[in-house]
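Please read the structure below before turning to the comments.
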Number of protein chains: 2
Amino acid sequence: MMIALPLLTTDAAACCSPVTGGVLTSDEAERIAHTFKALGDPTRVRLLSLIAASQGGEACICDLTEPVGLSQPTVSHHMKLLVDAGLAMREQRGRWAYYRVVDDALDRAAQALRP
Amino acid sequence: MMIALPLLTTDAAACCSPVTGGVLTSDEAERIAHTFKALGDPTRVRLLSLIAASQGGEACICDLTEPVGLSQPTVSHHMKLLVDAGLAMREQRGRWAYYRVVDDALDRAAQALRP
DNA sequence: ATGTCATATTGACAAACGTCGATACATCGA
DNA sequence: TCGATGTATCGACGTTTGTCAATATGACAT
């Protein structure tokens, strides 16, 4: 039986011993893989680039559904995964949920590849 | 119905417009995601780090099965995915298949995150 | 030629994933 | 308070993924 415990810190924040800097422990590999798994779907990559290119570097779900051509629940789901991985952050303002890219997280992920 | 066509160039080689450098096309997002999907499994991340840390920067399947604790076919399968993504390369020498990390591919992947 | 050894491929299976429609939740304006 | 609107969650589904045992392939030594 598997139990999913909530993480106190997002993955990308805890990341990242470099992949090529010595043998990684299972835990380190797990954290790194979790971050990259979030980047391993074309829709999510596209979402990040759309948000980053938006006015003020932020976008709400309603701005994103049409460009990616998927349903609102699906986009919401993908954004949740990106937030869980620490690659995006969410801010509720009124009825809208605004999302931003966490550049620091991208930096840390890059550091895991190019130490 | 899905048909998988062989790629003439490996993904990581063709990569990568930066994620945060303007809206990506579906094709660009697809290529980037394909690279990161290969990095999105803890076993594969571990394999890369094991190979990079090996004598001469190379390792054969037989060197890898025990450390990751998985069967030989499974390790072979993972290595195939890494090679397909351009993150590793394979060289047959006698009975053994030696694998190396393609540092350039890691660099390019990192560039997609931190332009 | 034959046997042995390292690796790849096949077939099968459970688990995880991406997607949607339907619905619940939250927030604002009237 | 009520309806409208943006978002999240739920339940379901087909597909993809990770894994293994069994088997095939290829290379060397005898």
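Chain A is the first sequence line, chain B the second, and so forth, proteins listed ahead of strands; every chain is numbered from 1. Remember, it's a predicted structure, so these values are computed and weren't measured experimentally.
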Can you figure out which of [options] approaches the side chain of [X] most closely?
{"X": "A:Y99", "options": "D:dA8, D:dT19, C:dC20", "answer": "D:dA8"}
{"X": "A:C62", "options": "C:dA8, C:dG18, D:dT7", "answer": "D:dT7"}
{"X": "A:C60", "options": "C:dG21, D:dT7, C:dA8", "answer": "D:dT7"}
{"X": "B:R95", "options": "D:dT5, C:dC5, D:dG18", "answer": "C:dC5"}

### Message
Using a 4.0 Å heavy-atom cut-off, does A:Q72 contact any base of the nucleic acid, only the sugar-phosphate backbone, or nothing at all?
### Response
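Base contact.
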### Query
Checking all strands, does B:Y98 fall into the base, sugar-phosphate, or nothing category for heavy-atom contacts under 4.0 angstrom?
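It contacts nothing in the nucleic acid.
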Would you say [X]'s side chain and [Y]'s backbone share a donor-acceptor pair under 3.5 angstrom?
{"X": "B:Q92", "Y": "B:G94", "answer": "yes"}
{"X": "A:R114", "Y": "B:D103", "answer": "no"}
{"X": "B:R46", "Y": "A:L24", "answer": "yes"}
{"X": "B:T25", "Y": "B:E28", "answer": "yes"}

#### Entry: OP1 or OP2 of D:dG6 under 4.0 Å from side-chain N/O of A:R93
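No.
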### Query
Does B:K80 have a side-chain nitrogen or oxygen under 4.0 Å from the phosphate oxygens OP1 or OP2 of C:dT7?
no
### Message
Return whichever of A:H77 or B:W96 has its heavy-atom-nearest nucleotide of DNA chain C closer to the 5' end.
### Response
B:W96
